[in-house]
Structure formats: C-alpha cells, structure tokens
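We count ligands from 1, going down the list as the structure has it; atoms in each ligand are counted the same way.
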Amino acid sequence: MPNNKLLFLLGYASGIAGAETGSADGPYVMQQSPHLASLTNEGIEPRWCAMIKTPAQNPINKLAIVTDQCTQLAQAVIPLVKEKKMFIVIAGDHTSAIGTWSGVSSAIKEKGSIGLIWIDAHMDSNTPETTKTGNLHGMPLACLLGHGDDSLVKLIHQSPKLKPEHVCLIGVRSYDPGEADLLNKLNVRVFYMEEIKQRGLDIIMNEAIQHVSKNTIGYGVSIDIDSMDPADAPGTGVREKGGIAANELCRALTKMAHDPRLIAAEIAEFDPHRDHDHVTEKWIARLITAITIGKM
Ligand SMILES: [Mn+2]
C-alpha cells in the first residue's frame with residue numbers, strides 16, 4: 001500500500017550472551033510471522049534490512065563474538081539514523097543494545113546526546129566485577145554508560161554512549177546489589193515495578209519521555225520482553241512475576257508514535273521456544289504497531 005508507513009527492521013539473531021540460547025531464533029520467527037506481516041493492513045510496511053547472525057562455530061570467545069555482532073549491528077544502524085528512517089531492532093539476547101545505541105549515538109554525536117528508556121524486569125547493569133552469572137546480556141546498559149569490557153564500552157567510538165542523566169529504567173523488579181549500586185552512584189532514574197503499580201504506567205511513561213528528552217536531541221526505547229508479565233508474554237528466558245500488563249505497555253508506547261523526538265526502538269529477549277500458542281509473538285506485533293503508528 002503506497003500510503004503505509006515504512007518501517008525498517010533489523011534482526012539480531014544471537015542467544016549466546018544469555019543463559020539459554022533460544023532467543024537466537026526470535027528474529028527469524030518474527031521475520032516469518034503472519035502477525036507481523038498483517039501490519040500492512042494497519043498501515044505499516046515492514047522491511048527487513050539486516051539479519052545479524054552468530055557464527056556457527058563453537059562460541060569459545062563470547063566477548064569477541066558479541067563485539068563483532070554489535071559492531072555489525074551498529075554499522076547497519078548508522079545510515080538509517082542519518083537518513084532519519086524509523087527502525088526497530090528485533091533481538092535476540094539484549095546485548096543487541098550495545099550495537100543499536102552505539103550506532104545511534106555515533107550517527108548523531110556531532111549534533112548532541114541521545115536519551116534512552118530501558119523497559120526491563122532487570123537492570124542489565126552488571127559489570128565483569130559485579131556479575132554472578134558472567135552472562136553478557138546482564139551488562140549492556142552498564143556498557144553503554146561506560147562501564148564494562150573495553151571492547152564493548154568502546155564499540156564504534158569512544159565511550160560513554162549515554163549520559164546517566166539521559167537514561168531511565170521502567171519495570172525493574174529483580175536485580176543484583178552491585179548493579180543497583182552502580183545505577184545509584186550514577187544517579188540513573190529507576191522506575192521500579194512498585195512505583196508503576198502505585199502511580200500507573202501512563203504517568204510514569206510521560207515522566208520518562210520528559211526525562212530522556214531533557215538536553216538530548218532525541219531518544220530511543222529498548223524493551224525487554226521480560227518487562228511484561230510472564231502470564232501475558234511467556235516467551236522469554238528470564239521470567240519475573242508481577243510485570244507490566246502487555247496491553248498497558250502497548251497503551252503507554254502509543255505516546256511515542258507521533259513524537260518527532262523518537263529515533264528508534266528495540267525489542268529484545270524473545271525466545272520462541274518458551275512461547276505458548278504464539279502469544280508473545282502476537283504481543284510483539286502489537287508493540288510494534290503501538291510504537292510505529294500509535295494504535296493499540
Ligand atoms: Mn534485558
């Protein structure tokens with residue numbers, strides 16, 4: 001349809017940075033999804049422009065592989081940002097964020113800083129010093145803030161990619177003490193799940209958008225599937241009870257659809273092997289509709 005809004009999609013088919021590797025298949029399932037294809041009826045024309053894959057050989061050096069994947073993703077993102085094309089990254093493990101937002105910050109760095117809303121059950125702000133599992137998918141936000149392995153922190157250009165005052169987290173309900181200390185020390189705004197239950201996601205999202213728009217030239221949103229309640233969206237690796245209702249998240253995201261400050265979005269940690277009856281897959285299509293055209 002000629003009047004449809006063109007939406008560029010990039011897949012990050014990696015699961016090696018998590019405890020389980022099933023999320024590597026998430027982008028492929030979305031690429032084939034009839035629910036995603038049916039967005040053309042809603043006025044969205046999805047166009048896949050990249051699919052970054054983990055090399056098939058035995059992943060002996062995960063850090064080197066993640067660095068390589070994220071470099072490829074960042075390089076795919078840069079021209080889209082420069083041409084002001086709206087895009088969404090579909091991942092895979094959440095290390096995608098290091099590639100996505102390093103690319104965005106590199107593309108706009110002469111003009112100013114970017115803001116980022118991180119919607120997640122976790123903080124993803126561990127460092128090699130504070131992590132209990134060693135899994136890199138628990139570290140991407142720390143890397144973007146300038147803390148972590150050098151190859152990820154300095155990906156594409158010198159760190160940090162994000163200033164702490166331009167970042168906020170929404171939906172946090174499970175975290176390690178070390179990562180909470182880091183975010184506290186950096187004075188990053190965290191909207192914990194309790195605050196969302198008390199005040200409502202609608203108000204929180206308005207505040208979050210204001211927060212990340214202050215002194216930035218635009219903002220992005222990185223959504224971990226585990227931010228949603230696992231009763232609604234079970235298709236993810238590290239489920240945490242008591243999350244955001246999927247329809248509430250959709251409603252809140254519609255605020256971004258007509259906001260010229262929104263640069264890009266990312267949806268990570270979809271594990272199709274843990275999904276039931278394609279329910280999470282359907283929610284992802286609805287999240288995309290909400291962000292792209294502001295419809296529920
Ligand atoms: Mn995450």
Side-chain angles (χ1 to χ4, degrees), residues 11-27 30 62 66 69-70 73 88-102 116-128 130-145 147-149 152 161-162 167-176 178-180 182-183 188-193 196 208 212 220-230 232-244 246 249 253 264-272 274-275 280 283-284 287 291:
Y12 179 80
S14 165
I16 61 157
E20 294 172 34
T21 57
S23 65
D25 295 324
M30 290 317 298
K62 286 188 184 178
V66 170
Q69 292 172 171
C70 285
L73 180 56
I88 300 183
V89 172
I90 308 286
D93 68 61
H94 213 164
T95 57
S96 59
I98 303 166
T100 304
W101 309 108
S102 294
L116 187 62
I117 300 177
W118 191 278
I119 307 177
D120 203 310
H122 310 98
M123 291 177 166
D124 292 4
S125 297
N126 269 305
T127 63
T130 64
T131 177
K132 287 175 183 161
T133 63
N135 292 331
L136 288 165
H137 78 157
M139 309 185 196
L141 187 54
C143 290
L144 291 166
L145 290 163
H147 300 265
D149 286 300
L152 298 175
K161 310 305 193 300
L162 298 170
V167 176
C168 68
L169 292 84
I170 294 180
V172 174
R173 54 196 184 276
S174 171
Y175 50 90
D176 297 323
E179 55 181 348
L182 177 66
L183 294 184
V188 172
R189 179 71 165 102
V190 181
F191 296 99
Y192 291 93
M193 204 58 221
I196 296 169
V212 299
V221 60
S222 186
I223 303 161
D224 193 314
I225 292 298
D226 68 30
S227 62
M228 289 182 280
D229 199 283
D232 290 346
T236 192
V238 192
R239 299 175 198 170
E240 306 287 352
K241 279 185 278 184
I244 301 169
L249 182 58
L253 290 172
E266 175 172 63
I267 301 173
E269 298 284 352
F270 169 44
D271 183 344
R274 290 180 147 243
D275 205 5
T280 309
W283 278 118
I284 292 171
L287 293 173
I291 299 167

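The minimum heavy-atom distance linking Ala17 with Asp93 is given by the pair N-OD2, 3.1 Å. The shortest heavy-atom contact between Trp101 and Val221 is CZ2-O, 3.5 Å.
In the displayed structure, Phe191 atom CZ is contacted under 6.0 Å by more than 12 heavy atoms of other residues, nucleotides or ligands.
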Are Thr95 and Tyr12 close enough, and set up right, to give a side-chain hydrogen bond (donor to acceptor under 3.5 Å, both in side chains), and what steps lead you there? CA-CA 9 Å; Thr95 57; Tyr12 179 80; 2.8 Å; yes
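The Mn ion (ligand 1) is closest to atom OD2 of Asp120 (considering only N, O or S atoms). Shortest distance from the Mn ion (ligand 1) to Asp124 is reached at OD2 (N/O/S atoms only). For His94, the N, O or S atom closest to the Mn ion (ligand 1) goes by the atom name ND1.
Checking Asp224 against the Mn ion (ligand 1), an N/O/S atom falls under the 2.8 Å cut-off.
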